Amino acid sequence: MGNAFTQSWIQALTAAADNPYARRIKPSMDLVNRLVRNPDREDRETAARELWDFAQSHSLLDILRIIPSQQIRWEFVRDDAFLFHQTQVATISTVDDWLAGLGITQASIELMAEVNALEWTTMIREQAVRKQQTFSKPAATTQTTLQLPCTATWDGNRWEVRFASPDWLTLDYEDPARVERMSEADLSEHCQMLFAEAASKFVRDTTRTKSSEDLQWQSRVPALRGLHAQIQNLEVTPRALQVWNAVWPVVYREQNVLGGCADLDIVRNEMSQALKHQPEFTLWTFVFAKLVYQISSGYGLGFLADFGLDE
């Protein structure tokens, strides 16, 4: 079948080239890829709106909303004097809210900057000289760490952070903010609930299926080992579990993390059965798995902030 993750490759793998759902797998995964940090800025809004529409009609908005810009703790540069946290996380109710949260449209976010008091005084003095502003020494305080309100504005390419006082002080950052990931335990609990709800909604086939013993792939991504183990014990139909175990090795292959830990002949048979009996749920699981991978191990969706990659 070759190694390139192409449309013909995925159709050959699924042994279902004539299945309309099989033909939608790669384009649906590519929608997610187009919303992950990369230098290509074309068609981002089109991809975002299409993915939002799919999620809205397939009960996926809850996982779609877990984007880096929704996280509390931020940093822009590792050796920066500042750490930031959001004072109020924006609600994502509409696609326009989501576009702003991704950084496709302009976004302004209220932050609180945490900084050492002595470093802050030194910075104010230096910036006042450089910007020809009047220097007013901050009021005396016994605090060693200050909490300073500021507003971060993303213009599509860079950040500008403007402090409330002095209001002439701004900091510019060229790169996305780095944020903390959702914890493995919280993500696992959330994913189990969403998968069980989707299985209940989409899967009516209760046929007993023979479980594949080819599950080495489950250990390939440390952040997801626990989730895979817990899903195997989830109270869902055997068919739903078969879909899960068929989809994830393919997602890992697309992400280049499978490492040969799956027999593709077995995966092909499992995928064929999944698409034959549960085509809509199989497509749902592909999009769900792709999003979960980004949350757990990738950069996450969006361009103004990301999870970074684990070191």
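Everything numeric here is computed off the predicted structure, so don't read it as measured data.
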All side-chain hydrogen bond (donor to acceptor under 3.5 Å, both in side chains) counterparts of Q192, not counting sequence neighbours: S188, Q230
Chi angles and distances behind the ring-ring contact (aromatic ring centres under 6.0 Å, His included) call for F76, F84: CA-CA 8 Å; F76 287 97; F84 298 87; 5.2 Å; yes
R220 NZ/CZ over Y252 ring centroid, <6.0 Å and within 45° of normal: no
Test log, rule side-chain contact (heavy atoms from CB on, under 4.5 Å), inputs R178 and Q71: CA-CA 10 Å; R178 179 82 171 266; Q71 306 309 302; over 6 Å; no
CD on Q86 to CG on L111, rounded to 0.5 Å: 6.0 Å
Inter-residue atom distance Q132.CD - W168.CH2, 0.5 Å rounding: 11.5 Å
Mutual orientation of the aromatic rings belonging to F195 and F281 [parallel < 30°, tilted 30-60°, perpendicular > 60°]: tilted
Separation of E189 CD from L227 CG (nearest 0.5 Å): 11.5 Å
Student check: side-chain heavy atoms of T285 and F202 closer than 4.5 Å: no
Working for side-chain contact (heavy atoms from CB on, under 4.5 Å), residues D80 and Y173: CA-CA 11 Å; D80 200 358; Y173 297 101; 2.5 Å; yes
Approximate separation, where rounding is to 0.5 Å, of L61 CG and L51 CG: 9.5 Å
With A262 via side-chain contact (heavy atoms from CB on, under 4.5 Å) - residues at least two apart: D214, W217, P249, L258, V267
For R225, all residues meeting salt bridge (Lys or Arg N to Asp or Glu O under 4.0 Å), sequence neighbours excluded: none
Separation of L291 CG from F286 CZ (nearest 0.5 Å): 13.0 Å
Heavy-atom side-chain contact between W248 and L224 under 4.5 Å: yes
L301 and V36, any side-chain heavy atoms less than 4.5 Å apart: yes
Distance-minimising heavy-atom pair for V179 and A305: CG1-CB, 4.1 Å
Residues in salt bridge (Lys or Arg N to Asp or Glu O under 4.0 Å) contact with E160, at least two apart in sequence or another chain: R162
Residue list, ring pair (Phe, Tyr, Trp, His ring centres under 6.0 Å) with F288, at least two apart or on another chain: W284
Full working for side-chain contact (heavy atoms from CB on, under 4.5 Å) between R239 and Q242: CA-CA 5 Å; R239 186 69 74 188; Q242 180 192 46; 2.9 Å; yes
F163 vs W120, ring-ring contact (aromatic ring centres under 6.0 Å, His included): CA-CA, chis, key distance, verdict: CA-CA 12 Å; F163 288 84; W120 173 248; 5.1 Å; yes
Heavy-atom pair of closest approach, residues A81 and V115: O-CG2, 3.8 Å
Any L99 side-chain heavy atom under 4.5 Å of E45 side chain: yes
Mutual orientation of the aromatic rings belonging to W98 and W52 [parallel < 30°, tilted 30-60°, perpendicular > 60°]: tilted
Least distance between heavy atoms, A55 atom then L64 atom: CB-CD2, 3.6 Å
Residues forming a salt bridge (Lys or Arg N to Asp or Glu O under 4.0 Å) with E126, sequence neighbours excluded: none
Side-chain heavy atoms of I92 within contact of I67, under 4.5 Å: yes
All side-chain contact (heavy atoms from CB on, under 4.5 Å) counterparts of M112, not counting sequence neighbours: H85, T87, Q147, P149
V287 and L31, any side-chain heavy atoms less than 4.5 Å apart: no
Nearest-0.5 Å distance that lies between atom CG in N157 and atom CH2 in W154: 6.5 Å
Contact check, side chains of H58 and K201, non-hydrogen atoms, under 4.5 Å: no
D30 side-chain N/O to N33 backbone N/O, donor-acceptor pair under 3.5 Å: no
All ring pair (Phe, Tyr, Trp, His ring centres under 6.0 Å) counterparts of H277, not counting sequence neighbours: none
pair M182-Q70: side-chain heavy atoms closer than 4.5 Å: no
Shortest non-hydrogen separation from F303 to R37 and the atoms involved: CD2-CA, 4.1 Å
Residue pairs fulfilling salt bridge (Lys or Arg N to Asp or Glu O under 4.0 Å) with at least one residue in residues 85-97, sequence neighbours excluded: R49-D96
Connected hydrophobic set around I72, excluding itself, where side chains approach under 4.5 Å: V89
Closest approach of S296 to A223 (non-hydrogen atoms, all atoms of both residues): O-CB, 3.9 Å
Pairs meeting criterion salt bridge (Lys or Arg N to Asp or Glu O under 4.0 Å) with involvement of residues 273-298, two or more places apart: E254-K290
Contacts of type salt bridge (Lys or Arg N to Asp or Glu O under 4.0 Å), residue D62, not counting sequence neighbours: R65
Expected output: side-chain S272 to main-chain R268 donor-acceptor under 3.5 Å: no
Any donor-acceptor N/O pair, S200 side chain to E197 backbone, under 3.5 Å: no
L304 to W74 - nearest heavy-atom pair and separation: CD1-CH2, 4.4 Å
Side-chain donor or acceptor of T153 paired with backbone N/O of S108 under 3.5 Å: no
Side chain R181, main chain G298, donor-acceptor under 3.5 Å: yes
R158/D172 under side-chain contact (heavy atoms from CB on, under 4.5 Å): CA gap, chis, key distance, verdict: CA-CA 7 Å; R158 53 185 283 279; D172 295 326; 2.7 Å; yes
